[in-house]
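Each residue takes its place number in the sequence, starting with 1.
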Amino acid sequence: MHKDASEVSHRDDSEPEVPHSPISPKIVISALPGIVLVWSELWIMVALVVWSAGSFMMLGILGEIIVGIILLGPAIWASWQVWVWAIIAEQEIAALPK
């Protein structure tokens, strides 16, 4: 009634490969509007956080610079991730059968 470990087939939990088109200028150009939109929102938010944190805590210009430096790394990483995922999404769309 119950199966042994030798009888149970190996289950593959990995996701199936999604077909990708090679990166082309058409794919980059089609991804740019979304990338520009998200990047502008991201960097405006970072600037507003730096300004509001500096003003609220009365840090002065040096404090705002320090907060800006702290937020710079995560903002650059988020920008890079937006670029990567937008290009991957456009590659998957381009690979769909027409």
Side-chain angles (χ1 to χ4, degrees):
M1 184 180 260
H2 295 288
K3 293 183 180 181
D4 297 10
S6 61
E7 296 175 350
V8 176
S9 63
H10 176 68
R11 214 174 106 199
D12 187 17
D13 289 334
S14 64
E15 294 183 20
E17 280 294 316
V18 177
H20 292 294
S21 291
I23 294 178
S24 67
K26 182 180 177 182
I27 288 176
V28 173
I29 289 170
S30 65
L32 274 179
I35 292 170
V36 169
L37 174 69
V38 176
W39 277 2
S40 63
E41 293 173 354
L42 173 74
W43 287 101
I44 288 170
M45 187 256 335
V46 168
L48 289 175
V49 167
V50 169
W51 170 76
S52 63
S55 298
F56 181 71
M57 294 187 276
M58 292 183 253
L59 298 176
I61 191 70
L62 182 61
E64 288 181 9
I65 290 171
I66 292 171
V67 171
I69 291 171
I70 291 170
L71 292 178
L72 186 63
I76 291 172
W77 177 83
S79 296
W80 173 249
Q81 290 299 307
V82 167
W83 174 267
V84 168
W85 287 105
I87 297 296
I88 289 172
E90 289 297 328
Q91 285 178 314
E92 290 177 0
I93 290 171
L96 291 175
K98 298 195 171 38

Quiz item: Hey, any chance I61 and W51 share a hydrophobic cluster, counting ILVMFWY side chains that come within less than 4.5 Å of each other, even indirectly?
Solution: no

Quiz item: Taking only residues at least two apart or on different chains, which pairs with a member in residues 55-65 satisfy side-chain hydrogen bond (donor to acceptor under 3.5 Å, both in side chains)?
Solution: none

Please report, to 0.1 Å, the donor-acceptor pairs under 3.5 Å made by any side chain of residues 28-47, with sequence neighbours excluded.
{"residue": "S30", "atom": "OG", "partner": "K26", "partner atom": "O", "Å": "3.2"}
{"residue": "S30", "atom": "OG", "partner": "I27", "partner atom": "O", "Å": "2.9"}
{"residue": "S30", "atom": "OG", "partner": "E90", "partner atom": "OE1", "Å": "3.0"}
{"residue": "W39", "atom": "NE1", "partner": "S79", "partner atom": "O", "Å": "3.0"}
{"residue": "S40", "atom": "OG", "partner": "V36", "partner atom": "O", "Å": "3.1"}
{"residue": "S40", "atom": "OG", "partner": "L37", "partner atom": "O", "Å": "2.8"}
{"residue": "W43", "atom": "NE1", "partner": "S79", "partner atom": "OG", "Å": "2.9"}

Quiz item: Do M57 and V49 sit in the same hydrophobic cluster, where Ile, Leu, Val, Met, Phe, Trp and Tyr count as joined when their side-chain heavy atoms come under 4.5 Å apart?
Solution: yes

Quiz prompt | ILVMFWY cluster, I69 and V50 together (side-chain gap under 4.5 Å) | solution = no

Quiz item: For V67 and A53, which heavy atoms make the closest approach, and how far apart are they?
Solution: CG1-CB, 4.4 Å

Practice problem: Decide whether V82 and I93 are clustered together by the hydrophobic rule: side chain heavy atoms of Ile, Leu, Val, Met, Phe, Trp, Tyr closer than 4.5 Å, transitively. | Solution: no

Quiz item: With hydrophobic residues grouped by side-chain heavy-atom distances under 4.5 Å, do V84 and I76 end up in a single group?
Solution: yes

